[in-house]
Amino acid sequence: MKIYQLFRKLIHSYFYEIRLQNKLLLAFLSMSLLLLGIFSSVIISHVSSFAENQLLQSATETFQQTTASLENTFYSYEQISTGLANSYLFDDLMKQDMNQYTPGEITVIRQNFERSVFASVQNHLNSTSYEVDVKIFFNDDFHYFNNRTRYFSLENYLSAPWASSITQQYSKSRRGFYILPEDLLTEVEPGNFSMARVVVDKKYYPHILALLRIDMPRKYLDQMITSTVFDNTLSAVINQDLNVLACSNTTLNSLLPDLISNYDLWKLPTKTWNEITLGHEKYLLRIVTIPHYKLMHFSLVPQKSLYSDLYRIRSFLLLSVFLTLLLCIPLASLLSHSLVIRLQQVVNVMQQVKTGNPVPFQENIPHGSDEIGNLISSYNHMVEQMQLLMQQEYEYGTEIKNAELKALQAQVNPHFLYNTLDMIYWFAKENMVNEIETSVRSLSTFYRIGLSSGKEIITLRDELSQSKAYMAIWNLRLQDAIIYECKVDDTLLDCLIIKTTLQPIIENAVSHGIREKDIPTGRISINVWADFDDLLITIEDDGVGIDSETLTKLNTDVLIRESVGHGYGVHNVQSRLQLYYGSAYGLKFSSTIGKGTCVTIRIPKKTTE
């Protein structure tokens, strides 16, 4: 019931109480908001869908290119090994009776064999940046080459997992080329994978003459599959036994065991991106098989990696809509104003009549020739002379305000300047030449640096010089009642700072700190040091201190903005520092009642603007 009454009240207010211009403005804005909402929803939906499809298409193309590169790599090694296996080098070598050769002749035979067999392999391997190792495991009938560096006895390795797997598969399928995962290479250093070729007797294929094995670092394959469109993408190559041959080095590697154990990868669709869930997180999985080598290449992409780009696009579109809406506000206001300006002008003028202060209609508003136009013309004729007098009075008041504003803008520390000149006058009367020289030089330095040829940024050296001149004038007035100290590393003097940063704080330290003590004497210390990329400046005094409530307001900028107690000058410093350097920089107050106050200034450490 209350909601219904409130709704009726709002409707009544809209139709009978709100000004006509505001009604039109609300109507225009409501219509603009509705149209922008519909337009932005459609655009965001279409753009998001298009961007998602483009990103997935780009990822798919990259994935397919990587798969093709893998397959070409394996195919090139297979072709090389096939060419060697089908040649008659092994047959000819095995048929020779080595007992009839001298050791020197056997060496020549071995060298000729190496040039024939390894030249083509090594030429291809030299195109990579990785170290590879080529080994041949001969049947024991050929034991002369068994030097255990490149040539080995096959019988000694038949029980090894990799050799056993090859011989068993060859006996079933007669396949000659095999890609061996790291898990089968027990005698090879970790981090390697191998490709092997069975070399058989051309006259009796079941008879294996030798096994040719190429060992290379697994990172060769790892880097081949690392290229992706999205960040933090897991790519891997596995065989039909789910052994991992290669895996991209990402933070998602820990998900590989869960992925293999929780999903039958060999049965998932291979022509689309599959949505899966691992550890309460959603991922997109793309799979492609390499049937000839019984391998699978897959890529796992976190959905948030995909949608992070979409979120940025969506945020940009929403920001554009918001900015457009903001632009609609003045446009709608201008349009509504143009529609009701004459009526509004009549109402405003009549309101002035009720107060006994009639004003004419503005001449720049079209009066027209209708009834409202005639009324406006008659009224203007009646109050024409009064309007002239009021306009003159207004212009006179405006001139006074402009003059006052210029006077305020031209006024720089008037009390300080007056007191200083008055002090110099008394020094002159007392014929105190040294004091006059010191005060005039200090005052000149103070205002010379304060003006700085119109520059807003000066060096720390100049800022400290101005502060020193300012304190010198104070001590002339107070008869050296304040000890002024300044400690700064010479390497920091060329750092830049906004001019007249220290003087307002020092003025507060003197006026509201030291001079309010029972015995108005004290100490002001300035310390400057570097804090990584920032510059810290502290101004400490041993004055009366600041109570905790006031201190809290100072540190939250409340009291500074209220411009009471500790003055507009400090607020000016805080505002200029944060406006120029950012909200992370500015003033920080700490104080203890009866012991004094410390103001810390933090600014970036820069020597160039």
Side-chain angles (χ1 to χ4, degrees), residues 67 70-87 89-91 94 117 121 124 132-142 150-218 220-221 225 236-247 260-261 264-267 270 287-298:
T67 303
L70 280 171
E71 191 168 10
N72 289 336
T73 298
F74 294 140
Y75 179 76
S76 63
Y77 283 110
E78 181 184 12
Q79 290 299 104
I80 292 173
S81 60
T82 299
L84 295 174
N86 291 335
S87 69
L89 291 171
F90 285 93
D91 283 341
M94 296 296 292
V117 173
V121 177
H124 183 78
V132 297
D133 192 11
V134 181
K135 296 181 174 65
I136 299 179
F137 299 82
F138 283 101
N139 189 295
D140 274 4
D141 294 337
F142 196 70
R150 177 168 283 179
Y151 311 104
F152 299 84
S153 171
L154 178 59
E155 184 177 358
N156 294 338
Y157 286 87
L158 285 177
S159 60
W162 68 272
S164 174
S165 175
I166 290 176
T167 54
Q168 291 177 11
Q169 293 184 57
Y170 180 76
S171 64
K172 297 177 182 179
S173 63
R174 291 295 186 264
R175 287 178 56 229
F177 185 75
Y178 299 88
I179 301 174
L180 306 174
E182 181 181 355
D183 299 343
L184 297 179
L185 303 171
T186 55
E187 81 279 5
V188 179
E189 293 185 3
N192 287 274
F193 82 100
S194 298
M195 293 172 284
R197 159 63 63 183
V198 177
V199 182
V200 299
D201 190 342
K202 298 297 183 298
K203 296 180 179 179
Y204 184 62
Y205 283 96
H207 181 217
I208 298 176
L209 296 179
L211 296 180
L212 173 67
R213 195 181 79 190
I214 303 174
D215 300 333
M216 65 173 53
R218 204 185 84 171
Y220 174 63
L221 293 182
I225 63 174
V237 178
I238 61 175
N239 60 14
Q240 60 182 357
D241 297 324
L242 303 181
N243 299 120
V244 179
L245 272 73
C247 182
I260 294 176
S261 61
D264 190 351
L265 300 180
W266 288 94
K267 293 183 179 180
T270 59
I287 296 173
V288 65
T289 59
I290 308 176
H292 182 72
Y293 301 107
K294 297 182 179 181
L295 299 177
M296 171 185 290
H297 177 211
F298 65 82

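If you read the sequence from its start, that first residue is 1, and numbering goes on from there. Here the structure is a predicted model, which means the values were calculated and not measured.
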* Asked: Ignoring hydrogens and geometry, is there a side-chain-to-backbone donor-acceptor pair from Asn239 to Asp241 under 3.5 Å?
  -> yes

* Quick one: does Ser171's side chain have a donor or acceptor within less than 3.5 Å of a partner on Gln168's backbone? -> yes

Any side-chain heavy atom of [X] sitting closer than 4.5 Å to one from [Y]?
{"X": "Leu212", "Y": "Ile136", "value": "yes"}
{"X": "Val244", "Y": "Ile260", "value": "yes"}
{"X": "Arg175", "Y": "Tyr170", "value": "no"}
{"X": "Phe74", "Y": "Leu221", "value": "yes"}
{"X": "Asn156", "Y": "Phe137", "value": "no"}
{"X": "Val200", "Y": "Arg174", "value": "no"}

Rounded to the nearest 0.5 Å, what separates atom [atom1] in [X] from atom [atom2] in [Y]?
{"X": "Leu211", "Y": "Ser194", "atom1": "CG", "atom2": "OG", "result": "12.0 Å"}
{"X": "Arg197", "Y": "Glu78", "atom1": "CZ", "atom2": "CD", "result": "5.5 Å"}
{"X": "Met296", "Y": "Ile287", "atom1": "CE", "atom2": "CD1", "result": "5.0 Å"}
{"X": "Phe177", "Y": "Tyr77", "atom1": "CZ", "atom2": "OH", "result": "9.5 Å"}
{"X": "Ile214", "Y": "Lys135", "atom1": "CD1", "atom2": "NZ", "result": "11.0 Å"}
{"X": "Ile179", "Y": "Leu295", "atom1": "CD1", "atom2": "CG", "result": "4.5 Å"}

For [X] versus [Y], what's the shortest heavy-atom pair and its separation?
{"X": "Ala246", "Y": "Arg218", "result": "CA-NE, 4.0 Å"}
{"X": "Leu180", "Y": "Arg213", "result": "CD1-CD, 4.3 Å"}
{"X": "Pro291", "Y": "Thr289", "result": "CD-O, 3.3 Å"}
{"X": "Leu184", "Y": "Pro161", "result": "O-CB, 3.6 Å"}

* Asked: How are the rings of Phe152 and Tyr157 set to each other: parallel, tilted or perpendicular (split at 30° and 60°)?
  ->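 Perpendicular.
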
* Chi angles and distances behind the side-chain contact (heavy atoms from CB on, under 4.5 Å) call for Tyr178, Met195 -> CA-CA 6 Å; Tyr178 299 88; Met195 293 172 284; over 6 Å; no

* To do: Could you tell me which residues satisfy side chain to side chain contact (heavy atoms under 4.5 Å, CB included) with Gln79, sequence neighbours excluded, listed by chain and number?
  => Tyr75

* Applying the side-chain contact (heavy atoms from CB on, under 4.5 Å) test to Ile208, which of Leu154, Ile166, Val199 qualifies? -> Leu154

